[in-house]
Structures are given as structure tokens and as C-alpha cells.
Amino acid sequence: GALSAWKPLREPDLFWHLALGRAVWRARSRTVVEPLAHLDLGRTREVPEWLWDVAQWGLWNVGGALATTLALSALGALIGALLWRVLRAHDRAKPLAPAVLCAALALTGVLSRVRERPETLVCALLLASLALLGRLGEPGARRGAISAALVAIGLLWAQVHSTSPLLLAVVGLALAPDLRAMIVRKRVDGVSLALLGGVALAPLSGAHGVGVLAALRAHAAGDAVLHVADMHPPVWATFNPAENVMGPAWFALLALGLGGMARAGVCWPRRVGYALLGAAMAATAVRGLAFATVLALPLARAGAEVLWTTYATRRPRLALTLVGACAALVSVRGAMIFAQRQGPVGVIGVREFAQPFGTLGVLRALPRGSHVYAPPDIAASLGYALDGHARTFVDTRTPMHFDDAQYAVARDIARAWSPGAALERYDTRAVVMACESPLCTAL
């Protein structure tokens with residue numbers, strides 16, 4: 001988990017997180033004046049990830065890419081530790097081999113998302129929530145303290161990402177049997193009701209307030225998401241093991257869980273509910289596969305234990321060899337794809353052309369507030385470096401802060417052989433573009 005962060009910083013999102021964090025710190029408010037883009041695209045912005053953004057901006061000022069990488073490395077280690085805790089479920093008497101196999105499958109999917117995005121922290125918060133909910137039903141559990149910790153997770157989650165309502169769904173699934181028992185027995189469980197109320201109100205503490213569900217829906221819908229690599233729904237290639245690892249790993253976890261449940265001849269409604277919630281997230285966007293993998297863990301763990309107990313006792317050495325080989329194969333394959341797409345592993349810094357700072361002298365010579373066009377993958381880094389002196393068009397926040405029409409215009413400008421009318425419409429004074437772009441040839 002720690003080593004997964006030791007790679008170049010490739011996310012263009014990093015720079016608008018830095019810009020928004022700087023803007024929040026300066027304004028001392030979660031609603032800020034637009035720091036990067038043309039003000040006629042919208043003068044103010046709510047910053048739902050404000051706490052993550054401020055923390056990232058502080059780290060960047062202290063130690064640049066190295067400080068950011070170290071923080072991500074710590075989060076990667078935390079994710080690995082919490083994932084193992086969920087799989088072992090505080091019970092060392094359970095067989096180790098099924099947990100190892102589930103861990104290999106889960107890590108290949110989850111750690112590929114350890115990036116300079118708030119979803120990295122959210123993944124850790126979701127795992128911590130599952131671990132706490134697993135303890136909630138244990139005999140002698142300190143239910144009040146566990147419930148308070150879950151509400152605290154919800155409050156933190158609401159300050160770093162707009163997916164915070166997900167915790168209410170997870171807790172609701174965990175408490176469903178208790179709520180049903182309360183209805184049948186007509187007896188009130190104050191701790192369960194307080195926990196449910198706390199996690200229901202926690203998302204309202206975020207920057208969007210009561211509009212959090214509307215903001216979440218807007219962020220996941222529309223035309224723009226179809227043109228963002230990890231926001232469109234999964235396609236068949238997502239589950240092709242020759243090309244990807246997240247989709248096949250999630251599918252294998254589901255197969256282990258459902259296979260074990262069928263072999264046991266029982267139904268585990270709570271674990272199945274978690275898995276179905278994850279499947280709904282995965283069906284919405286490719287990036288949801290990481291959350292789906294985490295939510296599939298309770299079902300996969302239980303199913304793998306049933307299958308191990310059923311079949312491994314006949315030939316335990318062969319079973320250990322097969323499970324070990326499968327875990328090693330999955331881990332190696334995941335590492336190869338990770339190094340190919342995220343690497344080179346061990347190199348710390350920002351990817352080439354993410355910061356085209358050779359253009360800053362020319363852009364700073366323009367009148368203050370001038371409009372600059374740059375493709376979304378570098379618009380944020382330019383806007384951050386220019387700090388309001390010159391303003392870019394649409395950056396990587398699409399579709400969080402910009403509508404479908406504006407993002408469509410940005411795409412058309414980048415692909416147009418005659419972009420003059422669009423550039424004139426937005427009073428563009430300069431263009432920053434890679435030389436192989438059609439727009440570069442046209443200009």
C-alpha cells in the first residue's frame with residue numbers, strides 16, 4: 001500500500017485541488033471566487049473537497065511533490081492495513097489462505113486508485129466504516145463509542161468528498177436487521193437510531209449543505225462524464241483481464257462470495273446488500289469499481305472461507321499451493337499493469353508537460369484577467385501558476401463546476417481546424433497547446 005504511491009504525480013486534478021485549497025485558505029470560506037477560469041463561466045464556486053484541498057496545498061508548499069507523495073504513501077499503507085482488518089474481522093481463528101486470496105484480488109483493484117485525489121482518503125474511510133460496523137454486532141461491543149466513531153467518519157467524509165451520503169447507505173444496510181427487530185418487538189434501540197440519524201445529518205455539514213444529493217447527481221450525470229476516462233460506465237474491455245485488473249478482480253471477489261453462499265445453502269442479506277450497493281456504483285462509472293471492490297469484501301471473505309473449509313480439508317497442501325499461486329499471479333499481473341500505466345515506480349515528481357511553465361513569462365505579460373485557452377489536462381496547472389493574472393477556459397473540474405455545453409465547446413476548440421470564431425467569442429488572448437494537436441496546426 002505504501003509503495004503504490006511512489007510514482008509520478010499524473011493527475012491533472014492535483015493543480016485545481018491546490019488552487020481551490022489556496023482560495024479557501026485566503027477566503028476563510030468554503031465558497032470562493034473562481035480562482036482559475038473565466039469569471040463569465042461563473043464567479044463563485046462551492047468547494048466540497050475543501051479540507052482535502054487545503055491539506056494538499058499546505059503539503060505542496062512545504063515539500064512539493066515529495067511531501068504529497070509521502071502523504072499518499074501513508075494513505076496507501078492505511079488502506080492496506082484496514083483492508084486486511086476487514087478481511088480478518090478480528091478473528092485469528094479463521095483460516096488465513098482465503099483472506100490472502102481476497103487481499104490479493106482487492107489490493108490490485110483498490111491500490112490503482114491511490115492517487116492525488118480525495119477518493120484515496122474516502123477509500124480508507126469506507127474501509128474503516130466496514131471494520132467498525134463489523135465490531136458493532138459483537139458481544140460486549142462498546143456500541144456508543146463505535147457509533148460516535150462512525151458519525152465522526154461521516155463528518156470528515158463530508159468535508160473531503162461529495163460521496164458522503166454513501167455512508168448512510170452502508171450503515172442502513174448494516175442496521176437493517178436491528179431496525180426490523182425494533183419494529184417487530186416495538187422496542188426502541190436508542191444507539192441504532194442515534195447512529196442512523198448522525199450519519200444521515202453528517203453529509204449536510206459539507207460545503208453543499210442540503211444540496212449535497214443534487215450536487216452528487218449533477219456530478220455523475222450529463223454528457224460531459226461520457227468524455228472523462230474514468231467517469232463513463234464500464235464497457236466490456238473493463239472486464240478483460242488482458243487489458244485491465246480492476247474489473248476482473250472485482251468480478252472474482254463476487255464469484256468467491258456468491259459461490260460460497262451457494263455452497264453453504266444460505267443467504268447473507270447484509271453482505272449481499274453491500275455487494276449490490278457496490279455493483280450499483282460500478283455500473284455508474286469506472287471509478288466506482290474501487291468502491292465496489294471494498295464493498296464486496298465482506299461477501300467475498302465469507303464465501304471464500306466456506307469454499308476453503310469445504311474443499312481444502314481433502315488435500316490441504318494442494319489447496320495452499322493453488323491459493324498461493326493464484327494470489328501471486330494476481331499480484332504480479334496487477335503490479336505489471338500498475339507500472340505500465342502509473343509508473344515508472346520509484347520516480348517522484350510531476351509528469352512531463354503537466355506544468356508548461358516555459359509559457360508563464362509570455363502569459364504574465366498579457367493584461368491582467370486575460371483569457372487563455374489550454375486543454376483541460378494542463379489548464380489547471382497554468383491557472384494555478386498564474387494565480388488569477390490570466391484565466392483559463394475549462395479545466396479538469398468538468399463536470400463538477402462546468403456544464404455540458406462549456407465542456408463540449410472546449411473539446412471542439414481542441415479538435416477544430418478553424419477555431420477562430422470560438423477563440424474570438426471567448427476573447428482568447430493566448431493558446432497553450434501540444435505541438436501535435438490539430439489546433440496547433442490550424443493556428
Side-chain angles (χ1 to χ4, degrees), residues 8-23 26-27 32-45 47 53 56-57 60-61 64-65 116 224 227-229 349-443:
L9 301 175
R10 294 183 173 273
E11 292 291 339
D13 291 12
L14 170 65
F15 292 99
W16 67 258
H17 280 302
L18 295 177
L20 290 172
R22 180 175 62 189
R26 289 173 176 174
V32 301
V33 175
E34 165 57 51
L36 303 180
H38 302 184
L39 292 180
D40 55 1
L41 299 177
R43 298 192 66 86
T44 59
R45 302 293 181 203
V47 187
D53 295 348
Q56 289 296 299
W57 179 64
W60 190 264
N61 285 336
E116 47 277 23
H227 302 273
V228 180
V350 181
R351 67 183 180 88
E352 187 180 3
F353 197 62
Q355 298 174 284
F357 287 167
T359 65
L360 294 181
V362 175
L363 299 178
R364 285 173 177 153
L366 297 173
R368 186 169 185 82
S370 294
H371 293 177
V372 175
Y373 178 83
D377 59 340
I378 61 170
S381 61
L382 281 177
Y384 176 73
L386 292 166
D387 196 9
H389 181 85
R391 293 183 170 271
T392 56
F393 189 58
V394 177
D395 57 33
T396 53
R397 283 173 292 172
T398 302
M400 183 175 291
H401 291 315
F402 302 106
D403 63 29
D404 291 343
Q406 291 165 358
Y407 192 46
V409 170
R411 296 196 307 271
D412 288 345
I413 293 175
R415 300 168 184 171
W417 289 103
S418 182
L423 296 176
E424 183 178 357
R425 160 64 181 82
Y426 289 98
D427 192 24
T428 301
R429 301 298 182 91
V431 174
V432 180
M433 184 68 61
C435 291
E436 63 269 16
S437 167
L439 178 57
C440 185
T441 304
L443 293 173

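Hydrogens, waters and symmetry mates are skipped; everything else that's a heavy atom, side chains included, is used.
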Please list every donor-acceptor pair under 3.5 Å in which a side-chain atom of residues 423-433 meets a protein atom from a residue at least two apart or in another chain.
residue: Asp427; atom: OD1; partner: Arg429; partner atom: NE; Å: 3.3
residue: Thr428; atom: OG1; partner: Leu423; partner atom: O; Å: 3.3

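- Checking side-chain atoms of Arg45 against main-chain N and O of Pro35 turns up no donor-acceptor pair under 3.5 Å.
- Atoms OG1 and NE2, from Thr396 and His17 in turn, are 7.5 Å apart once rounded to the nearest 0.5 Å.
- Checked by atom type and distance alone, the side chain of Glu11 never pairs as donor or acceptor with a backbone atom of Glu116 at under 3.5 Å.
- Aromatic ring pairs are classed by plane angle as parallel below 30°, tilted from 30° to 60° and perpendicular above 60°; the pair Phe15 and Tyr384 is tilted.
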Requested in this report: Show your reasoning for whether side-chain contact (heavy atoms from CB on, under 4.5 Å) applies to Leu382 and Leu360.
Outcome: CA-CA 8 Å; Leu382 281 177; Leu360 294 181; 4.1 Å; yes
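- In this structure, the side chain of His38 engages the main chain of Thr392 through a donor-acceptor pair within 3.5 Å.
- The two residues Ala19 and Leu36 have their closest heavy-atom pair at CB-CD2, 3.6 Å.
- Between Phe393 and Tyr373, the angle of the ring planes lies from 30° to 60°, which puts this pair in the tilted group.
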Requested in this report: Begin from the C-alpha positions of His401 and Glu34 and carry the test side-chain contact (heavy atoms from CB on, under 4.5 Å) through to its verdict.
Outcome: CA-CA 10 Å; His401 291 315; Glu34 165 57 51; 5.6 Å; no
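- Closest approach of Ile413 to Pro419, counting heavy atoms only: O-CB, 4.2 Å.
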Report task. Check the pair Leu386, Arg364 against side-chain contact (heavy atoms from CB on, under 4.5 Å), reporting the backbone distance first and the verdict last. Result -> CA-CA 7 Å; Leu386 292 166; Arg364 285 173 177 153; 3.9 Å; yes
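- When side chains are defined from C-beta on, Thr398 does not count as touching His227, because their heavy atoms never get closer than 4.5 Å.
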